[in-house]
Amino acid sequence: MKPEKTVVLIKPDGIQRGLIGSIIHRFEQKGLKLVGLKMIYMTDEILDDWYAHHKDKSFFTHLKKFMQQTPIVAMVWQGLEAIETVRKIAGVTKARAAEAGSLRGDFGMSIQLNLIHASDSADGAKKEMELIFKKSEIYDYYSITDQLIYSRDELAD
Ligand code: CMP
């Protein structure tokens, strides 16, 4: 099975509330591998593309302003079926309705200030990676713990 890559953003509410470490820790503990990490400001240009599917929604302008309140932490996490796994750890969009144990379920109450973004599909992850990361900023490296996290047959192609 081939590992997937997925993009996670720690949004301005997560940055301001001092949750960067807790959020990264949760994904590390799960067994996902961090293969890209940077702090950036989300420009108008990036956000217009990132949230193109929300551009006609009433909350679009507020969402863009919110996403530009502080720099965000952008990450690429890798693992088998990482896209679905990360979305489960994130919890549903409306944080106050998110399951306890998920990041939004444990740390949030808002629909908009929901701490993190997680890619929703392989195509979405590819687009998001290209919007934020250069190819050289994503690292494919061997980790000794791969063998402790997955069985041999899961790791075989
Ligand atoms: P996310 O699912 O990562 O991407 C779209 C974002 O839009 C979502 O997180 C929220 O931050 C925001 N959002 C979604 N629905 C609403 C809403 N009804 N009101 C305000 N913001 C929203």
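Counting starts at 1 for both ligands and their atoms, following the listed order.
Protein heavy atom closest to atom 14 (C) of ligand 1, with residue, atom name and distance, is F59 CZ, 3.6 Å. Atom 1 (P) of ligand 1 has as its closest protein heavy atom K11 NZ, 3.6 Å. If you check which protein heavy atom lies closest to atom 2 (O) of ligand 1, you get T93 OG1, 3.9 Å. Of the protein's non-hydrogen atoms, the one nearest atom 7 (O) of ligand 1 is L63 CD2, 3.3 Å.
Between Y51 and ligand 1 there is a heavy-atom distance shorter than 4.0 Å. For the ligand labelled ligand 1, residue R104 lies inside the 4.0 Å heavy-atom shell. Distances from ligand 1 to the non-hydrogen atoms of H62 include no value under 4.0 Å.
Here is the list of ligand 1 atoms found below 4.0 Å of a heavy atom in Q112: 10 (C), 11 (O), 20 (C), 21 (N). Contact atoms of ligand 1 toward H117: 3 (O) (distance under 4.0 Å to a heavy atom of the residue).
For S121, the side chain to side chain contact (heavy atoms under 4.5 Å, CB included) test picks out D123, with sequence neighbours left out.
Here N114 has side-chain heavy atoms under 4.0 Å from ligand 1, and that is the only part of it that gets that close.
Looking at D13 and Q112, their side chains never bring a donor and an acceptor atom within 3.5 Å of each other. Looking at K65 and H62, their side chains never bring a donor and an acceptor atom within 3.5 Å of each other. Looking at K94 and N114, their side chains never bring a donor and an acceptor atom within 3.5 Å of each other.
Residue-to-ligand polar distances keep H54 apart from ligand 1: every N/O pair is separated by 3.5 Å or more.
Closest of all the heavy-atom pairs between R26 and S102 is NH1-C, 4.0 Å.
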Q) So W50 and V7, side-chain contact (heavy atoms from CB on, under 4.5 Å) or not? Walk me through it. A) CA-CA 12 Å; W50 196 278; V7 176; 3.9 Å; yes

Q: Start with the C-alpha gap between M42 and I132, add the side-chain angles, then the distance that decides, and say whether side-chain contact (heavy atoms from CB on, under 4.5 Å) holds.
A: CA-CA 9 Å; M42 293 292 265; I132 292 198; 3.9 Å; yes

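Of the candidates D13, L9, I111, I111 brings a heavy atom nearest to atom 15 (N) of ligand 1.
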Give every donor-acceptor pair under 3.5 Å between a side-chain atom in residues 70-93 and any protein atom, sequence neighbours left out.
{"from": "Q78", "atom 1": "OE1", "to": "K5", "atom 2": "NZ", "distance (Å)": "3.1"}
{"from": "T85", "atom 1": "OG1", "to": "E81", "atom 2": "O", "distance (Å)": "2.8"}
{"from": "R87", "atom 1": "NH1", "to": "A118", "atom 2": "O", "distance (Å)": "2.9"}

